[in-house]
Amino acid sequence: MSETPPVTDRIREAYAPENLRLLGHRLVDVLAEHLDGVEQSRGRVLNWNDPAENRVVASDRLDAPKNAALVEAFERAAATVLSRGQNLHDPRYVGHQVPAPVPLAGLFDAIGSVTNQVMAIYEMGPFVSAVEEVLVERLGARIGYQPGTFAGFATHGGSLANLTALLTARNVLLGDSYEAGVPSKGPRPVIVSHAEAHYCISRSAGILGLGTNQVVKAELDDRRRIDPQRLDETLGRLRAENVPIVAVAAGACATPIGAFDPLNDLADVCERHKVWLHVDAAHGGAALFSQTHRHLLDGLQRADSLIWDAHKMLFVPALCAFVFYRDREHRFRAFHQDAPYLFDPSAPELIEADSGLKTIECTKRAAALPLWGVWSLFGPELFGDLVDRTFALGRAFHQKLQAADDFEPLHEPECNIVAFRHRPERLQHATPAEVGSFQLELRKRVIRSGAYYLVPTSKDGTGALRVTLINPLTTPDHLDGLLATLREEGERLLDGR
Ligand SMILES: Cc1ncc(COP(=O)(O)O)c(C=O)c1O
């Protein structure tokens, strides 16, 4: 018989609660000091370093001698991470749709991670499974569902959420496609998608065996929302050609400029053609918490499926996204699994609580715990406050762009996403290509300087700039500062050309 190796000193040290206490106390101080500085903009927004340089530092840390005191080694490691990262809590962060999360949410994440409360089956994380179910009920009520009629669950991000919902739509339409695959004979099935949907919709079509070429772009109106009349025509044409339509994938809102589709009108059209309506409300779902903005989602409850990212506008850390089905009967239609080593056939009453039957993930982190924690501390009103504040910043920024001769807003914002261009006098006679490349070059300079963080986009094939105001500590003064920074850096860029 082979001998069992002993519990080494190393193992003991790694598992000692005393070490957790020591380092945990220190970590809270380090994080609070860091956050204080970041929220006051005392450093750079993005700590830009080349990927190769960061790899060297990360690699060196792995090879650092292991004889240093644990606290010191930990402090050094934490300081390295914090000094080289992206500072979302800096009010000058106006970049991707990734929020400055409520810092206290992270403490609930810590409870889940330190004790590794996972899901797949109820027994592995009984309380966090209940947390998720309760949040599904509460969010479902916000959507406007009647209790007991709908279903939902959390998953690891919006892309996975869209994939799961569209998989369900495919299975419902094509019967045994989960087992038999997508039929290769006859007209090939399509997804009709918002023309500017997030790429994960077309990626889903690829993964689902439909093919990315089978995504039909729904035509948009002048505010870049799906035009219901033209959607009606598209669905009518596809029906006349006997093309199976897996779903219409609408946006609430679409990524590029935050355009909210007219959901009631789209639901009417989909009902008329008996087509599954899916709504990607990854970003905009949170508007349901705002008295002022919830009208943007009128009709959402009529969608057959929808997704909603809590790690966007509910201001919790990644990853936490929800999938909802209007019809509760659809909750097990994505997958059919026979796994006696996991799902206990002698406990059929747990089928609703075993999340792995509904999700792509088997092991799933306690994704909803931070949201539950924040909600339990501050109540749902906090989410309304955050939406109202950040959407108002979107409008304020738009007004500033309109008031400036050398900036051009590219649309009227419906939320906290604003796309625009800087058009200094010196670019008056520049070609669209020159104007576009100027935006992208300018952004690169600004973000690498650490002064602000914003993102690139394009409109009509020409480069542009885009902000998402997703830090409630950003003020109108910071937005003035952004314009001033773009002007100054733009001057330098043009001088150097
Ligand atoms: C509308 C929309 N859907 C889906 C996604 C993808 O979500 P995730 O990054 O959580 O996978 C995004 C990301 O920004 C998005 O804007």
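Just so it is clear, the structure is predicted and the values come from calculations on it, not from any experiment. When a ligand or atom number is given, it counts from 1 through the structure's own listing order.
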Report task. Over 60° means perpendicular and under 30° means parallel, so classify the ring planes of His422 and Phe438, tilted if in between. Result -> tilted

Query raised in the report: Between CZ of Arg294 and CD1 of Ile143, what distance do you get to the nearest 0.5 Å?
Result: 10.0 Å

Query raised in the report: Are Asn87 and Arg44 close enough that a side-chain donor and a side-chain acceptor fall under 3.5 Å?
Result: no

Query raised in the report: Using 30° and 60° as the class limits, which term best fits the ring planes of Phe420 and Phe407: parallel, tilted or perpendicular?
Result: tilted

Report task. Tell me yes or no: between the side chains of Thr468 and Asn416, is some donor less than 3.5 Å from an acceptor? Result -> no

Query raised in the report: About how many Å separate CD1 of Ile191 and CG of Leu166, when rounded to the nearest 0.5 Å?
Result: 4.5 Å

Query raised in the report: Within the structure, does Cys253 bring an N/O atom to less than 3.5 angstrom of an N/O atom in ligand 1?
Result: no

Requested in this report: Pull out every atom of ligand 1 sitting under 4.0 Å from any heavy atom of Gly157, numbered as shown with elements.
Outcome: 10 (O)

Report summary line: protein heavy-atom neighbour closest to atom 12 (C) of ligand 1 works out as His198 CD2, 3.2 Å

Query raised in the report: When only distance counts, is Thr255 in polar contact with ligand 1, meaning an N/O pair under 3.5 Å?
Result: yes

Query raised in the report: Counting only heavy atoms, which portion of Asp309 has something under 4.0 Å from ligand 1: side chain, backbone, both, or neither?
Result: side chain

Query - For atom 11 (O) of ligand 1, the protein heavy atom that lies nearest, with its residue and separation - result: Ser159 OG, 2.6 Å

Query raised in the report: Out of His194, His283, Gln97, Lys312, whose heavy atom sits nearest atom 13 (C) of ligand 1?
Result: Lys312

Query - Check: Asn162/Asp280 side-chain N/O donor and acceptor closer than 3.5 Å - result: yes

Query raised in the report: At a 4.0 Å threshold, what atoms of ligand 1 neighbour a non-hydrogen atom of His311?
Result: 10 (O)

Report summary line: heavy-atom search around atom 4 (C) of ligand 1 in the protein gives Asp280 OD2, 3.5 Å

Query raised in the report: By number and element, which atoms of ligand 1 are closer than 4.0 Å to a non-hydrogen atom of Gly158?
Result: 7 (O), 8 (P), 10 (O), 11 (O)

